[in-house]
Every structure is written in structure tokens, then in C-alpha cells.
Amino acid sequence: MVDLTTERPQNKPMGHLMAPLIIGRQFIQKVKTLAHSSCKAHKNLSRTLLPALLPNFALKFTASLKLYLPVFQSAAALCVGVGSFSDPGDLPGLAHFLEHMVFMGSEKYPSENGFDAFLKKHGGSDNASTDCERTVFQFDVQRKNFKEALDRWAQFFICPLMIRDAIDREVEAVDSEYQLAKPSDSHRKEMLFGSLAKPGHPMGKFYWGNAQTLKQEPKKKKINVYKRLRAFWKKYYSAHYMTLAVQSKEKLDTLEEWVKEIFSKVPHNGLPKPDFSDLLDPFDTPAFCKLYRVVPVGKVHALNITWALPPQEKHYRVKPLHYISWLIGHEGEGSILSLLRKKCWALALFGGNSETGFDQNTTYSIFSISITLTDEGFQNFYQVKKARIFVDLCRIYEEIQRIEANEFQYQEQIDPIEYVEDICENMQLFPKEDFLTGDQLMFEYNPEVITAALSLLTPEKANLMLLSPEHEGQCPLREKWFGTQYSVEDIKAEWMEKWTGDLELSSDLHLPAENKFIATDFTLKPSDCPDTEFPVRIAESSQGSLWYKKDNKFKIPKAYIRFHLISPVIQQSAKNVVLFDLLVNILSHNLAEPAYEAEVAQLEYKLLAGEHGLVIKVKGFNHKLPLLFHLIIDHLADFSASLDVFSMFKEQLKKTYFNILIKPEKLSKDVRLLILERSRWSMVDKYQALSAGLKVEELMEFSRSFRAELFAEGLVQGNFSSAESAQFLQYVTEKLKFSKLTAEVPVMFRVVELPTKHHMCKVKSLNKGDANSEVTVYYQVTALVKLKECEDTHLGEEVDRNWSEVVTQQYVFDRLNREVDALKLMTRAQLISWFQEHRGQNCRKLSVHVVGFGVEENDEERGGNTHGGDEKGDSTGGSTYGEVSQLNFVPVSPKMADATAIMDIPGFTEGLPLFPYHKILE
């Protein structure tokens, strides 16, 4: 499905992959078991975590042992208690840059890219990120290579080389991340918001860093960046700032010995940790509590209402902002969003605090409400802010508390690399008894703490940021680093009077009723048929079939239900594809209120507009899961759309198509698939069909034709019996009352066989303000299996793999085993022969280039909103909202003389042979 909501905030710079973490130098004392009642209460997690404090090295260490799962991956993460707040004023982005540079070899392992090469060889990965006050590093690797990987990784915190010759290359890497981030509206809003802080406060710093701040300006000022990097590392990468978490199947005593042996040499300088807690109220400034009109990159109307509060992290046991955000962000009947949706003013509302360093640190905490507006909502945005509700009920708090405790107790396994990352950060924030639970559970209801936070969320203390393409040409100011066009004005007195006056609360606003979707039965059900390793088909007819597998491996009271409703009408025209997108989005809109309580109760659902059918995914505690599934099928059977709702989603879908087309990576994929797949409708085709005009009557007729003839194929896995599972298919067929397919509907497009030559398709980016280019090289080859000899870490991973077999109608559920067996039989000579065969003159090669805008491409410098510059910028340049209804082909460079240009896709693909549909039968 094409999602019509705006993008959620992304608050961390991308980093090398994530940020550097800290560990401390100290001789490790005897590991102590966490003796904490909440851990004992949640013993079903089957995890044991033992932290150790290193008195002499001040390292906090946590080891994690999985007791029930044969995971082959091991992982470690280290958090350094320093981040971008500590950047020196004359070298913005230095902390982020150091995160890159520490990976450039070590004295013990001097190869510049040796660690990455080691991980790739042994099935691992690494990541790092830099936040405001923390930097985190993590990696995973196959268990048999964990100790060596741990030793190689630890050297980056003991004796990194930070090779001088690598500086220019890594500056380019940092600059590339910055350039990729510039077209992101969430990053642009963040930088603009930070610029409102008091002069000299670290919130106003440029955390990303780029070639200008790390290379060009230092060169002019004769700053030795290498020496400053070394000094920064020596001062801040000290053991007593660091926390470390490791996870593997070794015995805990073994892990402890490894950590003692490997990390005891991490330097400890004894300097006090950076402390910014005295820099409170960073937004107590005349620049705050204003209305900022912003020109976004994407076509979206959005209102962001933000309050800057005192730091709330100390209240983690109450989590007042989480409680308030739950109430404000509620989407069920009687909610703020429900009221705004009825007026056709809003599509989505998010409220709260992301708990990243930007939203919550030692100087302040953000509380924000972000509303995605319709065109009509944009015109009435000042009335949107009038909708408010005040509650302070213990019943609601206890309900949230119960839901989150259930989810914690029965949570599924997550990837080790993600788990250790969470834990090492928690070790920086919470006392040891709450390392596991501090960021997840609501421990105690405290009305005084909640009321204190609520009392600060008043209209006169709010800052407003209104994003809209309608502001283009009206915003004379530019944010320094991302070039965001904006204007600033006082909030009109009459609006403030309405907001601060004695508002009569709307009768449409009320508290949610008691949640009927909260599970209370967590019994594991006995099998009612023989257990199988792979799904088996338990029901089949001319109208559908159902695959089933009882979970007896992970043993949790949860289940997954998935259905693919295959239809012959979707791919008949680009217009039908658009109508299908509209149907799925409006169906989701119709479900938003009645299904929201299920989402709150940790039951999840997704409706996806597949290429050949509607995909329904439902998961969560099995006790109440049938209620949610029936609700979805009922709403599909009774689908309806008012003219107002249809118009709202038609307008939003056009913006969504536009926002997809202006992203180089999305456009590149669309062009590649348009060349390779016969009968595919491109995003440009869909945009043209939508622009030609559609009527609500056409949507209703399409919905009837869609439901008239279907084939329903499903998969049920988890804590359901086979008899219970069969009832889901029965409910679908009886409720929707569809006829069987008159002809088989293929569930995959047929792929053209490329000629044996290098072909290249170059198109111009459809975003005139984006300098980024995208290159994709595709080789059409015979199959080479992937190596993944690793157990599933959770039930969802197993379900995903099985579902891919069902939805493609391949049904090779043991594909992974077959691939691994095939790889074991393959010789080195066979692999080299295969590689040579597919890279020579007779290879079938396709390159797709999306060319960005810039002087390098002989494009004129524009006044668009993605160029950096002074705070006052020229807003009279051409619009960055270019035409996206057609592709602009670019000739192939003379330097690529061996490549044949594709300037007409239909002309190129017409007459090419097609690969047949295939199924592996044995």
C-alpha cells in the first residue's frame, strides 16, 4: 500500500552505521546477578543478564545469555557517554567524524578496512551512531568468530590508528551522509528547531559535519584536524564514560573472562564526564513561541506543535510524557484525531517524545504533536490547535501499564545486535536493577508528576511550525546548514485568545472505553494434529486455500494470520492500480478508529496493496486476535467512501506519488522494474492516471468488481489449533461472498530476457533541488543461492520466510535448507567459473542512473530549498516542485561507449523474450 501519512521523525545522524560507544578500564570484579523483582517477574524472556562493574577501569559490563534459542550470531555494543554536544565551536561535526575515524585500523590490527573485511567474511555486520550526549558502536558475527571479532573491535577503543591519510576520504563519507540527509524534511525540521536555542547552547550546533566544517574552513583557519581528532579521542574516549553489553551462547563466566582479557587496556583518564545539566531552558528565548512557516521538500501539509520542558528522564519510572502522548495520540472514538478526521482536516497525528538525544537530554525534553493536514486542514490550521482534552485517570494509566507489562513478558526475541545496543544505552541512563526494563515499563502512577508536565503544555508556551508547499515564494529566510526556506511571525492575538480562553470542550471528545482487545488468556494450546517442520495445507477449495503450522518452538501465546486476496482486475489498467491504492488507503482510514484499541493492546495489522491482490497481515496475542481479523474482513465486505473522504485521499495520494518520484532511489527502482517486468504500470503512469481525474462512483464500482471474483490464500502460524485456523478461511469466504476465479491470475510479473550486452538508462532526477544521484547496476544471471546458515531468532522471522513462499505460490518451505546444501556442494572452481561466465562480453547487464541537479551536470544554480546558504536567501528562484508526469531521458556519456542507451523503454522492451513462470516442484 502507498502510505499517505508523513514521514516519522528520524533523529540520529546516520553515522558510520551508528555512533561510538564507551567502555571503561578497570579490573573486573565478580559478576553479580541482577536481583530485581521485575526481572524475576519477567523470567519468560529466557534471558539472563549479568552486569559487572570494573572498579579500576570503571567499565560497566553486561553479558547476555540466551537460554532457549540456538542463535549462531553473537553481538556486542559499546556506548560512550559523549556526543555532539561536546563538539568544539570551531569544528562542527567532530564527534560524528571521530565515530568514522576510529574504525581506520588499530595498532594491533593496522589494516584500514580489516575489521569490516573480517565481519563480511564471517557473516557479520557493524554499525555506529552519534547522538547529542552518547555515541554507540555495535557489531554482530557468527558465534565461532566472536572472541576474535571482539578483540579486533576493542582495539578501536584501546589504540586506534586513525590513519592521517584517511581523513580526506572519511570527510567525504561524512559529507555524503549530510548530502543524503538534506532532502529529508524530518532532518530539516530538526536543524531549524535547534537553531532557535539560546546562543551558545549546544542544541544550536551543527552535529552532522560536512566538507565545509571539517576540511575547507579548518584549512583556511590553519586548524590541524588530525591533532584535534586525537585530542578529542584522548579526552572523551575514556573507560569510565563507557558501557558495554555482549551477547553470546558461551557460558557467562567465559564471557566475563573474555571481557576482562580484552577490554582491560581501554584507557582511563580520570577526567570528569561532560555535564550539560546546568544549561537548562535552552528555548527560553524570543525566537520560541512563534509561528514558523516552512517550505518542505515533499508535498505535504503538516503542523508541528512543540513545547520545551525541563528534563524528564529522571521520571522514567512514571513516564509522564509517554502517558500524555498515549492520550493525545489516541486514534479511537472520542480522540482528537477522530474529530479532525470527521472534519476531513487531518490524516494522521503523532504526539510525544522520541527519547533520542535531540528530543530528550540533560538540558530539556521535547513534547511535540505532529499533524498531517489535508488541504482543508491547512486552511484551518489555527482551529486544529483548538482541539484539546485534559485527563488524569489512574484507570487509563493502569491499562497502559498492563498492556506494556504483557508485551514485555511475552516479547519475541529481537536480533542480538539490536538488543545489546538498547542495553548498553540503558546502562548509561538507569540504575542496574532497571537495565532491562527502564525504557519499557511504566512502574508507578504518580499524578503529581503527570500534572506537573501537563501544566507546562499551555498554548502560550508552544512553538508552531507549519509546513506547506503553499509557502513557496513567501519565505525569505534560510536555515544555515540545510537551506530550509522559512518565515517567522508572532502568533496572532485573536488566535491566542481563542486558545487560552475558556474553551468549551467538544462533545465528540471523550475518554476511550475499556479496551476489549487486551488479552487475558496466555495459555499455550495443545496440538490437535501432528506437528510439522513446515506449513501444511489444511483447507483447499476453488475459492481459496489455507496453510498452517503450530508453533512448538518459540512457545509464546501469539500468532500470525496472513491472507492474500488475489484479483484479476487490479492490473488491467494504471487507473485500476490507482483505484486499488485508494481502496486500500480508505479501508485503512475506515478501520482506524474501531481497530485502534487493538493496536493499543499490541495487536498489529497491515493492509497492503499488492501487485495482484490485497495482503492482510495480523499478529499479536492469539486470545483476541480473531476479533481484529473479523473486524478487518467486515469492513472490507461493507466498504464505503463518502465524497469528502474520497476527495481527501485522492488529493493526498497525488502528493504521495509525487514524493515517491522525487526520491532518486525510488525513481531508480521504478525505472528498473519498468524495463524488466512486462505489464507493470510505473509510478509515472499512476501519477498521470490520477491527474486525469477520478470519481467516487468509479471507486465504488471498482470495489464491487474487486470483491466479485477472488482467490483467498492464507497462512496461520503460532498458538492456534488447526481447527481454529481453518475458521479464518471460512470466515473470509462466507463474509465476502465472492465467486471463484474464471482464469488463473499470475501472482508475479513475467521478466524480460535482456540482450547479451550492457544497456544503460539515464533519467534526470525529478527533484530540482536534489544534488544526489543514484546508480543501480543489474546483472541478469542464473540463480546463485544465498548463504544463511542461521536459526530464526523469533517466530515472525519464520513466518516471513514461509509467507514469501505462499504469496509467490512457490511453496518451497525448505528453500533455505536446500540453498545451504547446494552451497556446501559448490567448489571454488565452480564459483569462479560462474562468476566469469556472467561478467564477460555476453553478460546481460542493465544500468539505471538517476542524475541529480548541480553545476557538475551543467544545471543552473537554483534558489531551491535544498541548497545551503546565508540565513537570508533568495526565494525568487524557480520552483523546486518540478513536473513529475514524465521521465526526462539523458544521453549516455561518451565515456561509456560500450553501453547502449535506452531512450524509449516501451520501444526497447517490445519483442524481448520473456522468462516463463516457474515453480520448484521437487
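Bear in mind that the values here come from a model prediction, so they are computed numbers and not experimental data.
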Considering residues at least two apart in sequence or located in another chain, which fulfil the side-chain hydrogen bond (donor to acceptor under 3.5 Å, both in side chains) criterion with [X]?
{"X": "Arg844", "answer": "Glu753"}
{"X": "Lys215", "answer": "none"}
{"X": "Gln179", "answer": "none"}
{"X": "Asn659", "answer": "none"}

Could Asp800 and Arg562 be called an ion pair, given the rule that one side-chain N must be under 4.0 Å from one carboxylate O?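 Result for this pair is yes, salt bridge flagged.
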Does the gap between the ring centers of Phe139 and Phe115 come in under 6.0 Å?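 When the ring centroids of Phe139 and Phe115 are compared, they turn out to be within the sub-6.0 Å range.
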To the nearest 0.5 Å, what is the distance between SG (Cys843) and NZ (Lys757)?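 With rounding to 0.5 Å, SG (Cys843) is 11.5 Å from NZ (Lys757).
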Among residues at least two apart in sequence or on other chains, which ones pass ring-ring contact (aromatic ring centres under 6.0 Å, His included) with Phe711?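 Checked Phe711 against ring-ring contact (aromatic ring centres under 6.0 Å, His included); zero matches.
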For side chain to side chain contact (heavy atoms under 4.5 Å, CB included), just list the numbers for Trp153 and Asp126, CA-CA rounded to whole Å, side-chain angles, deciding distance to a tenth of an Å, and then say yes or no. CA-CA 10 Å; Trp153 184 67; Asp126 63 339; 5.8 Å; no
Residues in salt bridge (charged side-chain N to carboxylate O under 4.0 Å, His left out) contact with Lys669, at least two apart in sequence or another chain: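 With neighbours one apart ignored, the set is empty.
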Results of salt bridge (charged side-chain N to carboxylate O under 4.0 Å, His left out) for Glu148 - residues two or more places apart only: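 Testing Glu148 for salt bridge (charged side-chain N to carboxylate O under 4.0 Å, His left out), a comparison that skips the adjacent residues, returns Arg152.
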Sequence-distant partners of [X], side-chain contact (heavy atoms from CB on, under 4.5 Å), two or more places apart:
{"X": "Ser573", "answer": "Lys575, Asn576"}
{"X": "Lys619", "answer": "Tyr560, Glu604"}
{"X": "Gln571", "answer": "Val577, Glu611, His612, Trp681, Phe749"}
{"X": "Asn210", "answer": "Asp175, Tyr178, Phe206, Gln212, Thr213, Trp481"}

Is it true that a side-chain atom of Ser106 and a backbone atom of Phe156 form a donor plus acceptor pair closer than 3.5 Å?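 No; zero donor-acceptor contacts below 3.5 Å.
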Polar side-chain atom of Ser682 near backbone of Asp685 as donor-acceptor pair, under 3.5 Å: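 It does hold such a pair.
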Take Lys121 and Gln142 through the test side chain to side chain contact (heavy atoms under 4.5 Å, CB included) and record every step on the way to the result. CA-CA 10 Å; Lys121 182 178 179 180; Gln142 292 174 351; over 6 Å; no
Pairs satisfying side-chain hydrogen bond (donor to acceptor under 3.5 Å, both in side chains), at least one member in residues 904-913, at least two apart: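 Sorted result for residues 904-913: empty, none.
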